[in-house]
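Only a predicted model underlies this, so the values are computations on that prediction, with no experimental measurement involved. When a ligand or atom number is given, it counts from 1 through the structure's own listing order.
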Amino acid sequence: MSLPSVLDTIDHSLPEATDRLLELLRIPSISTDPAFKADCDRAADWLVEDLKTIGFDAAKRMTPGHPMVVAHAGTTGPHILFYGHYDVQPVDPLNLWDRDPFDPQVQDTAKGRVIRGRGSADDKGQLMTFIEACRAWKTVHGTLPGRITIFLEGEEESGSPSLIPFMQENAEELRSDIALICDTGMFDSKTPAIVTMLRGLSKCELTVHAANKDLHSGMFGGPAMNPIRVLTKILGTLHDDQGRVTIPGFYDDVEELPDAVRQQWQNLAFDHAAFLGDVDLSVPAGEQDRTPLEQIWSRPTAEINGIWGGYTGAGFKTVLPAEAHAKISFRLVSKMDPDKINNAFEAWFKAQLPADCSVEFKDVNGSPASVMSIDDPAFEKARKALSEEWGTEAAYVGAGGSIPIAGYFKDILGMDAMLIGFGRDDDQMHSPNEKYDVESFHKGIRSWARILDKLM
Ligand SMILES: [Zn+2]
């Protein structure tokens, strides 16, 4: 095979690849602000033209919002779908930028060379790693490896309103053997990662009602029940003293980690004390028998996100309020069903209510976790390719928050997604002075070439 020639081509053409990225970064494709609509369009056009130069059948596809870019190449072999997004976050506060966010530049810093500019890490720099890998492949082989579909969105930073309808309408065209998503980060600056678990979320708001009106504590204090007391008493037992959630059945659908994955996580360099220390905390609050990484990536949570009632203004009012409120959310893992969890919480809460209090639930909704089936050999192939490129064993990791696109690929197209990205913690995505390390860009391109070589 001529993978070495492809890697060589990538090394030699890095200056040109960087110039192309800088050109894309100069287009201020801020999706959330209508003032930049024409620029979003221009970014899509730029990508279509660029993809055509490397043999893709590429087109801008209109939606009610910003256009999608869809490009196909190859007719035989495994079919891979690559996803990225060309839109960027707004740039304010502008005065905190050291330079014009849309006049990108390669800079030398104490930590190495970086590409500075809005979108450099999120996600233009990342999506170009894949396109540049395809370009180098084409240069060496004259064709692209296997069937590749590139799918680029222009509304990721503004809630992806057109994404689901577009995927539904074009499901046949987009469905592939596996999806590759490049919009995440490395575990640390040396350790590449594939995100295979994304936690889901369910949530609700609740109101406890007691007396039929607000009461004076001088008149009713004592005999009358205070709904804030009811609310805090019940919510105070949501966790036991081992950090476990006490709702019956809460853990029923939580699967244990495969041993191999648990082992990988134990081998990752993660400073638990520093993790809490960074936010000025030191006492672990989660499940006592689980490591923090396990808790964040593979365990569910229950959190009280807001709680209010009675008088909270200036001064004082000795009120016994008629009602009390809270907002509650649950991070979900493995097979946990959001409806089942919300129902279990409601039943648990109601069972503890005093006889003449009532509770109302509203805004009850949720979405399940996404867990990729890593027994698909494609995952091990990609992990091996990443390990070879970075000289460090790549890890399967989880993500504590949600990345909706991965779930959409599964639900709408029935395919697993590999989330592989080369961002770093200090990239300042969504913040002033966003950057992407030149090393991430360069080795990211090389990583994709190695992954394509193994997958095709
Ligand atoms: Zn992104």
Side-chain angles (χ1 to χ4, degrees), residues 21-22 24-33 36 39-40 43-44 46-47 63 65-70 81-92 101-102 104 114-133 150-164 166-167 179-187 192-199 201 367 370 372 397-410 417-437 440-441 444-445 447-448:
L21 172 57
L22 293 177
L24 179 60
L25 291 172
R26 281 186 204 108
I27 307 174
S29 46
I30 301 172
S31 59
T32 196
D33 185 342
F36 295 89
D39 295 302
C40 291
W46 188 94
L47 285 159
T63 75
H66 302 303
M68 307 283 177
V69 172
V70 182
L81 177 76
F82 175 85
Y83 167 91
H85 64 90
Y86 66 79
D87 63 322
V88 299
Q89 282 274 322
V91 293
D92 35 326
F102 297 110
V114 303
I115 300 160
R116 182 88 60 192
R118 174 54 92 226
S120 53
D122 186 17
D123 184 44
K124 289 172 174 171
Q126 301 239 70
L127 74 86
M128 287 306 287
T129 57
F130 187 82
I131 293 177
E132 293 298 343
I150 292 183
F151 177 36
L152 307 173
E153 187 194 359
E155 302 181 319
E156 199 275 344
E157 304 290 9
S158 50
S160 300
S162 309
L163 185 62
I164 292 178
F166 188 86
M167 285 174 90
L180 305 173
I181 300 176
C182 191
D183 197 16
T184 50
M186 313 250 295
F187 174 73
I194 305 177
V195 180
T196 63
M197 296 178 182
L198 300 151
R199 290 198 292 191
L201 183 70
S367 56
S370 301
M372 309 307 160
V397 301
S402 43
I403 304 178
I405 179 78
Y408 300 156
F409 280 130
K410 197 152 200 163
M418 276 197 259
L419 295 116
I420 298 172
F422 309 99
R424 300 187 187 184
D425 286 349
D426 60 354
D427 280 347
Q428 325 226 59
M429 295 183 346
H430 298 201
S431 301
N433 299 318
E434 180 178 348
K435 62 92 174 151
Y436 197 45
D437 289 80
S440 285
F441 185 55
I445 302 169
S447 298
W448 288 122

*Where the Zn ion (ligand 1) is the corner point, what angle links OD2 of Asp183 with NE2 of His85, to 10°?*
90°

_Under 3.5 Å donor-acceptor, Asp427 side chain and Arg424 backbone_ = yes

*Mark yes when over 12 heavy atoms from residues, nucleotides or ligands other than Asp425 sit less than 6.0 Å from its CG; otherwise mark no.*
no

*So which of the N, O or S atoms of Asp122 lies nearest the Zn ion (ligand 1)?*
OD1

*Assess Asp123: does it contribute an N, O or S atom lying under 2.8 Å from the Zn ion (ligand 1)?*
no

*Check for a donor-acceptor pair, side chain of Glu155 on one end and backbone N or O of Ser162 on the other, with a separation under 3.5 Å.*
yes

*With a 3.5 Å cut-off and no angle check, do the side chains of Glu153 and His85 form a donor-acceptor pair?*
no

